[in-house]
Amino acid sequence: MSKLRIDILTLFPEYFQGPFTVSIVKRAVTKKAVDLRLHQLRDWTDDKHHTTDDVPYGGGAGMVMKPEPLTKAFAAIKRGRKKVKTIFLSPQGKPFDHAMAQRLAKEKSLLLVCGHYEGLDERVMSQIDEEVSLGDYVLTGGEPAAAVMVDAMVRFLPGVVGDRDSVEKDSFFNGLLDYPHYTRPRSYRGQDVPEVLLNGNHAHIERWRRKESLRNTFLKRPDLLKKVSLTEGDKKLLVEIEKELQG
Ligand code: ADE
């Protein structure tokens, strides 16, 4: 599989200094699993002040991002390349989730456009393939959303997370929340590691983990249970859980 290229168009390339130079994202870049490129939108302005925004027609608060620098930047970044998916980050977008991270990580090339102010001039929206939101709140700009998206996507790229098993057992991979984890010491502040995890019986451990995963989801995110397809075994485990909670 060829590596994923991600171009980020932003007024603040320096924002990414932190998130892209530590931990797993840094490893993904070093291992060349991802080709991350930052672009300063002001490079595509041609006035003395490098203006990227202007007052809204019709009046009102806030500024609007001018169409010309954006169009020039899109064309320059995409030049000579076919499959570039252009994504605008905004609170009006489709909510970003596990499935979207996994889907986008399979693309060849993404252009993440970070907005500021009240948004983009509507006439550039026809050049946007998808609008993506991090959640139902307003960020000061798209940069934090782009950093989060890159972080979540690189975990799916081959060779980035050493142990594939750990990615595949993560929360949300199967639509459920994670089960609890324990490490040494065996007894900590009066709380012991559950016995089942100590006896090496893998079938019992798997059953316990599945049940605790279902319990966590039932207690913390019952909405997710409606979306996953549960096996007959899962349904039995849920009945057990509900009985335990009542008893
Ligand atoms: N820009 C501003 N708010 C945002 C949000 N919630 N998601 C993505 N980009 C944004």
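FYI, the numbering just counts along the sequence from 1. Both ligands and their constituent atoms are indexed starting at 1 by order of listing.
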Enquirer: So which heavy atom in the protein is nearest atom 7 (N) of ligand 1, and how far is it from that ligand atom?
Expert: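 For atom 7 (N) of ligand 1, the nearest protein heavy atom comes out as Leu134 N, 2.9 Å.
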Enquirer: Just to check, does Gly141 reach to within less than 4.0 Å of ligand 1 when the distance is taken from its heavy atoms?
Expert: yes
Enquirer: Taking the non-hydrogen atoms of Pro91, is any one of them nearer than 4.0 angstrom to ligand 1?
Expert: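 So Pro91 counts as touching ligand 1.
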Enquirer: May I ask you to identify the nearest protein heavy atom to atom 10 (C) of ligand 1, giving residue, atom name and distance to one decimal place in Å?
Expert: Ser90 CA, 3.7 Å
Enquirer: Hey, which atoms in ligand 1 end up nearer than 4.0 Å to a heavy atom of Ala145?
Expert: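 Those of ligand 1 that fall under 4.0 Å from Ala145 are 8 (C), 9 (N).
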Enquirer: Would you find a donor on one side and an acceptor on the other, under 3.5 Å apart, between the side chain of Lys31 and the backbone of Gly159?
Expert: yes
Enquirer: Does the plane of the ring in Phe156 sit parallel, tilted or perpendicular to the ring in His98? Use 30° and 60° as the thresholds.
Expert: perpendicular
Enquirer: Any luck finding a side-chain donor-acceptor pair between Thr86 and Gln127 under 3.5 Å?
Expert: no
Enquirer: Considering the heavy atoms of Gly135, write down every atom of ligand 1 situated less than 4.0 Å from one of them.
Expert: 6 (N)
Enquirer: How does Val132 reach ligand 1, if at all, at less than 4.0 Å between non-hydrogen atoms: by side chain, backbone, both, or neither?
Expert: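 Answer for Val132: backbone.
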Enquirer: Report the residue from Lys235, Arg210, Lys211 that forms a salt bridge (charged side-chain N to carboxylate O under 4.0 Å, His left out) with Glu240.
Expert: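 Only match with Glu240 under salt bridge (charged side-chain N to carboxylate O under 4.0 Å, His left out): Lys211.
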Enquirer: Hey, which of Leu38, Leu41, Leu112, Asp43 is the one that makes side chain to side chain contact (heavy atoms under 4.5 Å, CB included) with Leu9?
Expert: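 Single side chain to side chain contact (heavy atoms under 4.5 Å, CB included) partner of Leu9 among Leu38, Leu41, Leu112, Asp43: Leu41.
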Enquirer: Got the closest protein heavy atom to atom 6 (N) of ligand 1, with its distance?
Expert: Tyr137 O, 2.8 Å
Enquirer: Is a donor on one side and an acceptor on the other found under 3.5 Å between the side chain of Ser133 and the backbone of Gly135?
Expert: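 Indeed, once roles are kept as given, a pair shorter than 3.5 Å links the two residues.
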Enquirer: Among all protein heavy atoms in this structure, tell me which lies nearest to atom 3 (N) of ligand 1, with the distance rounded to 0.1 Å.
Expert: Leu139 N, 2.9 Å
Enquirer: How long is the gap from CH2 on Trp208 to CZ on Arg215, to the nearest 0.5 Å?
Expert: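 Rounded to the nearest 0.5 Å, the CH2-CZ separation comes out at 9.0 Å.
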